[in-house]
Amino acid sequence: MGRKVATEENTRSNLFIVALARTGHGKESARAIIKTLDAKLDLECFGAEKVTSRAAIERILSWRESSLFMIDEFGLFMKAIMSENAPKYAMEVMSTFMEVYTSSGIYYGQDKASREEKRFEIDQPCCSIYGTSTPETFWLGLIGGTSKIRDGSLNRFTIFNAPFNRVARQRGKILKTFPKKIVDRATYFKNMSITPGKVPGDMTEETGSPEPEIVTYTDNAWKKFE
């Protein structure tokens with residue numbers, strides 16, 4: 001959905017997700033399927049698997065404004081960037097993700113030291129994260145940065161815990177096709193204009209400024225949401 005849809009109060013479709021499961025529960029399979037789907041349908045949503053600085057995140061989002069960051073060993077990643085002794089460039093990774101998370105207007109990147117280098121200016125970026133980790137590594141990784149957890153960074157994440165007991169092993173075959181419902185839905189959003197119903201012609205991610213379609217609430221839905 002990227003920058004193409006918003007709710008009436010301008011909430012966007014980006015998600016920060018952490019999937020926790022023990023070793024051997026299939027975390028790598030899930031990431032591989034997402035990357036295969038992105039490549040097979042030419043969705044152009046995959047951003048990166050490793051980021052080490054604010055500049056790297058801003059560079060990726062300036063290249064692909066709607067990006068999914070898939071980070072393996074997310075517990076070790078959090079430990080590295082949230083430790084009280086982490087270097088400044090590492091500490092800025094989470095603060096950058098936090099800033100981008102709520103950027104429904106123009107996101108202005110960090111000013112450059114050199115006048116020849118332009119700062120990144122990104123129109124309504126849509127940044128999502130899918131991190132995977134074992135539960136032990138993830139929770140232990142946060143111990144060193146307990147003061148930083150209170151800054152609201154963890155509030156933005158939805159955390160899913162796989163059952164402790166491993167499910168029966170499946171004899172999975174190489175994935176060559178995807179369910180039609182998933183393909184149709186992904187293709188629909190890929191081909192959707194970034195200015196739906198407002199500008200004639202096909203407005204893609206690379207052309208024009210997004211004017212997302214507004215999804216309204218029924219009164220009953222709003223009450224439940226509140």
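- Looking at M78 and L154, their side chains come closer than 4.5 Å, going by heavy atoms from C-beta outward.
- Within the model, atoms CE of M94 and OH of Y101 stand 12.0 Å from one another, a figure rounded to the nearest 0.5 Å.
- Under a hydrophobic-cluster definition in which Ile, Leu, Val, Met, Phe, Trp and Tyr are linked whenever side-chain heavy atoms come within less than 4.5 Å, directly or via other members, L175 and M70 are assigned to different clusters.
- Counting only heavy atoms from C-beta outward, the side chains of Y217 and E9 approach each other to under 4.5 Å.
- Under the 6.0 Å cut-off for aromatic ring centres, F69 and Y130 do not qualify, their centroids lying 6.0 Å or more apart.
- Under the 4.5 Å side-chain heavy-atom criterion for Ile, Leu, Val, Met, Phe, Trp and Tyr, M1 and Y188 are members of the same hydrophobic cluster.
- The heavy-atom pair separating L61 from S67 by the smallest distance is CD2-CB, 3.8 Å.
- In terms of modelled atom types and a separation under 3.5 Å, the side chain of T7 and the main chain of T11 share a donor-acceptor contact.
- Remark: I182 CD1 to T177 OG1 distance equals 10.5 Å, nearest 0.5 Å.
- Looking at heavy atoms from C-beta onward, S103 lies in side-chain contact with P125 at the 4.5 angstrom threshold.
- The hydrophobic clustering, which links ILVMFWY residues whose side-chain heavy atoms are closer than 4.5 Å, places I71 and I34 apart.
- Summarising the local packing, CG of D219 is surrounded by 12 or fewer heavy atoms from other residues, nucleotides or ligands at distances under 6.0 Å.
- Between the side chain of T137 and the backbone N or O of S133 there is no donor-acceptor pair closer than 3.5 Å.
- At least one side-chain heavy atom of M192 sits under 4.5 Å from a side-chain heavy atom of E213.
- Applying the ring pair (Phe, Tyr, Trp, His ring centres under 6.0 Å) test to residues at least two apart or on different chains, none of the pairs has a partner in residues 24-60.
- Contacts of T36 classified as side-chain contact (heavy atoms from CB on, under 4.5 Å), with partners at least two apart in sequence or in another chain: F178.
- Linking Ile, Leu, Val, Met, Phe, Trp and Tyr residues whenever their side-chain heavy atoms come within less than 4.5 Å places F97 and V18 in a single cluster.
- Shown here for D123 and S209, the closest heavy-atom pair between the two residues is OD2-OG, 2.5 Å.
- The line from OG1 of T187 to CG of D42 is 10.0 Å long, rounded to the nearest 0.5 Å.
- Q124 has its side chain out of reach of S104: every pair of non-hydrogen atoms, C-beta onward, lies at least 4.5 Å apart.
- Looking at I57 and F120, their side chains never come closer than 4.5 Å, going by heavy atoms from C-beta outward.
- The ring pair (Phe, Tyr, Trp, His ring centres under 6.0 Å) search around F160 returns none, not counting sequence neighbours.
- Between E211 and R3 there is no salt bridge, since none of the side-chain N atoms of the basic residue sits less than 4.0 Å from a carboxylate O of the acidic one.
- Partners of F74 according to the ring pair (Phe, Tyr, Trp, His ring centres under 6.0 Å) rule, which considers only residues two or more places apart in sequence or in another chain, are F77, F157.
- Of the possible polar contacts, none joining the E44 side chain to the R64 backbone as a donor-acceptor pair under 3.5 Å is found.
- With hydrophobic clusters built from ILVMFWY side chains whose heavy atoms lie under 4.5 angstrom apart, I159 does not share a cluster with L15.
- Residue pairs meeting the salt bridge (charged side-chain N to carboxylate O under 4.0 Å, His left out) criterion with at least one partner in residues 10-28, sequence neighbours excluded, are E28-R31.
- Remark: R166 CZ is packed, more than 12 non-hydrogen atoms of other residues, nucleotides or ligands lying under 6.0 Å away.
- Evaluation of the side-chain contact (heavy atoms from CB on, under 4.5 Å) rule for E136 yields T134 as partners, not counting sequence neighbours.
- With a 4.5 Å cut-off on side-chain heavy atoms, T52 and V93 do not count as touching.
- Using modelled atom types, one finds no donor on one side chain facing an acceptor on the other under 3.5 Å when comparing N14 with S128.
- Within the model, atoms CD1 of I81 and CE of M91 stand 10.5 Å from one another, a figure rounded to the nearest 0.5 Å.
- Heavy-atom minimum distance, L37 versus L43: O-CD1, 4.0 Å.
- Within 6.0 Å of OH in Y89 there are 12 or fewer heavy atoms belonging to other residues, nucleotides or ligands.
- S13 is listed as a side-chain neighbour of C126, based on a closest heavy-atom distance under 4.5 Å.
- Expressed to the nearest 0.5 Å, how far CD1 of I17 lies from OG1 of T158 amounts to 6.0 Å.
- For the atom pair I122 CD1 and W63 CH2, the distance stands at 13.0 Å (nearest 0.5 Å).
- Considering all non-hydrogen atoms of both residues, I60 and G47 come closest at CG2-CA, 4.0 Å.
- Looking only at distances, a side-chain donor or acceptor of K4 sits under 3.5 Å from a matching main-chain atom of K190.
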